[in-house]
Number of protein chains: 2
Amino acid sequence: MRFVASGTRESSYQKVARELRGQILQGLYANGRQLPTEFALATSYGVSRQTVRRAFQDLLADGLVTRIPGRGTFAKMKSDTYIRQFGSVEDLMALSTDTQLTVTSLLNRKIDIIAAGRLGLDSDVVYQVSFIRSHDQTPFCVSTVSLPPEVGQMLSSEKLLTTTGSQSNATIIGLIDKQLKDPIAEAQQSITVGRASESVAGHLGCEVGTSLLRIDRLYLDTRNKPVELATSYFDSELYSYRIRLRRDIS
Amino acid sequence: MRFVASGTRESSYQKVARELRGQILQGLYANGRQLPTEFALATSYGVSRQTVRRAFQDLLADGLVTRIPGRGTFAKMKSDTYIRQFGSVEDLMALSTDTQLTVTSLLNRKIDIIAAGRLGLDSDVVYQVSFIRSHDQTPFCVSTVSLPPEVGQMLSSEKLLTTTGSQSNATIIGLIDKQLKDPIAEAQQSITVGRASESVAGHLGCEVGTSLLRIDRLYLDTRNKPVELATSYFDSELYSYRIRLRRDIS
DNA sequence: CGTTATTTGTGCGTATGTATT
DNA sequence: AAATACATACGCACAAATAAC
């Protein structure tokens, strides 16, 4: 899940990390088996031990391995399950440079009573745009964004949202935040289980009715006015939602 | 997720990372302001540039900074990407006031390879206790808590966990935190979709196989040692996981 | 029980490359 | 073109944890 700009050549440690990641995900080190030592990998790849260590730091951050001083490095994955969580939603959303947005339904005026209600509107009219988010050409998330009419009209000048199949690595809320008088101050997020509709299943490549992770986010500006409602579906077999909470900020 | 080991003194790069993390979270570098360069930090802390780089790798993995070659290191601005997660361990511990816990399976020694693995144990022996959480006499959550043997034995004096059908509005992690030498410092939470087993379905009053929200929490103490693994199933019809994300305006 | 070998962790120095200003 | 700043890569030394003898 580490970065890498697409254009540049892959560095040594990235190659090591990529190959080890593939082997782990393929179950070569299933049941927590031990990986080769730093020294062994360094000699077999013809790189220094530091380079191998750098690769392991990525695998560690990905949660794929456990390292125990004096003992060795062990894979965390159990091959007997289907669960391939080689990343988290947070990781993927965090680096917008890593994920690509492809518009599937252009920004348009729609009638949506539920969305309008959650946006605190009096009428039933909202502006909606739908898109998929991909990482490495693999779509992992389908989203629909609903906006109050005035916000929707504000964004109607954005070519990204009004051109078929257009791609970007921006975020909608980023676009909105730039143009708003009052900036975004707060978001309310709710995570539930949802089912894949026909269109969602088509985009994610799963079957209709599959249980998906559904994440709703309602963004509010400093005046506590809702400015965006985003409803996203994630395939939870591929991606889990991971959060790290810390205590003691000092 | 970060590494290592253990009872020893804090290392140099950890100190640098900790202090920078605190400063960022306190808003010292709010609005995406630039942090000192590697060289500046190295000289001011009296360490090498490599050590500063090691610290930045942790902050990068935490998603707290963005680094741009040729430009510098910047605190992640919440506006140009999205609003970041700021829950706290305290929030999780305070879950208890309006919900009630009923023990369904007493604290006991069990064999659980998966739980033991996630707790980083060498053997397969863990202590487990199961319970349901109710609100207004309606159960909405079924949890199983796995503990390392030494923690389990520590809690074996708690009447709550060793008496059939006992009720309380405490949290297990709260009980643990009181007795631990090293307090809880961090929690890793993973949210996925799970299916109701026979026993879970029985307690929640839903059908076997129903899709449920599954939340796994791994609590770590200040020495990064796992002390509790909680696996909970929520009926997503009754309960959705809500988070409020605030933005630091400063 | 201590000793030794293995393995990971920390820290530093150096050199070179690449991107930005 | 030059200076700045991050990225990669290698080398070395020593510390700390573990396991085996």
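A note on names: the letters A, B, ... follow the listed sequences, proteins ahead of strands, and every chain is numbered from 1.
The side chain of A:Ile68 approaches D:dT18 more closely than any other nucleotide in the set D:dA7, D:dT18, C:dG9. With distances taken from any side-chain atom of A:Ser12 to the nucleotides D:dA9, C:dT8, C:dG11, the minimum falls on D:dA9. Of the listed nucleotides (C:dG9, D:dC10, D:dT18), D:dC10 has the atom at the smallest distance from the side chain of A:Ser48. Residue A:Tyr13 places its side chain closer to D:dT8 than to any other of C:dT8, D:dA7, D:dT8. Side-chain proximity of B:Thr51 to C:dC12, C:dG9, D:dC10: nearest is C:dC12.
Between A:Glu10 and A:Lys15 there is no salt bridge, since no side-chain nitrogen of the basic residue lies less than 4.0 Å from a carboxylate oxygen of the acidic one. Taking 4.0 Å as the cut-off between side-chain N and carboxylate O, B:Asp216 and B:Arg118 count as a salt-bridged pair.
B:Leu35 places its CG atom 13 Å from the C1' atom of D:dA5, with the value rounded to the nearest Å. Following rounding to the nearest Å, B:Phe74 (CZ) and C:dA19 (P) show an atom-to-atom distance of 17 Å. Atom-to-atom, CD of A:Gln50 to P of D:dT8 comes out at 15 Å; the value is rounded to the nearest Å. Rounding to whole angstrom units, CZ of residue A:Arg49 and C1' of D:dG11 are separated by 12 Å. Residue B:Lys15 contributes atom NZ, which lies 19 Å from atom C1' of C:dG9 at whole-angstrom precision. Across the protein-nucleic acid pair, A:Phe56 atom CZ and C:dT7 atom P stand 12 Å apart, rounded to whole Å. Atom P of nucleotide D:dC12 and atom CZ of A:Phe39 are separated by 12 Å, given to the nearest angstrom. If you take CD of B:Glu38 and P of C:dT20, they are 16 Å apart, rounded to a whole angstrom.
One axis for each end of the helix from C:dG2-D:dC21 to C:dT21-D:dA2, each built from five base pairs, and the angle between them comes to 10° at 10° resolution.
Scanning all heavy atoms of the two residues, the minimum distance from B:Leu28 to B:Arg33 falls at O-NH2, 2.9 Å.
A cation-pi arrangement is present between B:Arg54 and B:Tyr13, with the terminal nitrogen or guanidinium carbon under 6.0 Å from the aromatic centre and inside a 45° cone about the axis. A cation-pi contact, defined as under 6.0 Å to the ring centre and within 45° of the axis, links A:Arg67 to A:Phe56.
The phosphate of C:dG9 (OP1 or OP2) has a side-chain N or O of A:Arg53 nearer than 4.0 angstrom. The side chain of A:Thr73 contributes an N or O atom lying less than 4.0 Å from OP1 or OP2 of C:dT8.
Side-chain contact between B:Tyr45 and B:Glu19: present, with at least one pair of heavy atoms (C-beta onward) separated by less than 4.5 Å. You'll find the side chain of A:Leu147 reaches within 4.5 Å of the side chain of A:Ile176, heavy atoms only.
Toward the 5′ end of DNA chain D lies the nearest nucleotide of A:Val47, the other residue of the pair A:Arg71 and A:Val47 mapping further downstream.
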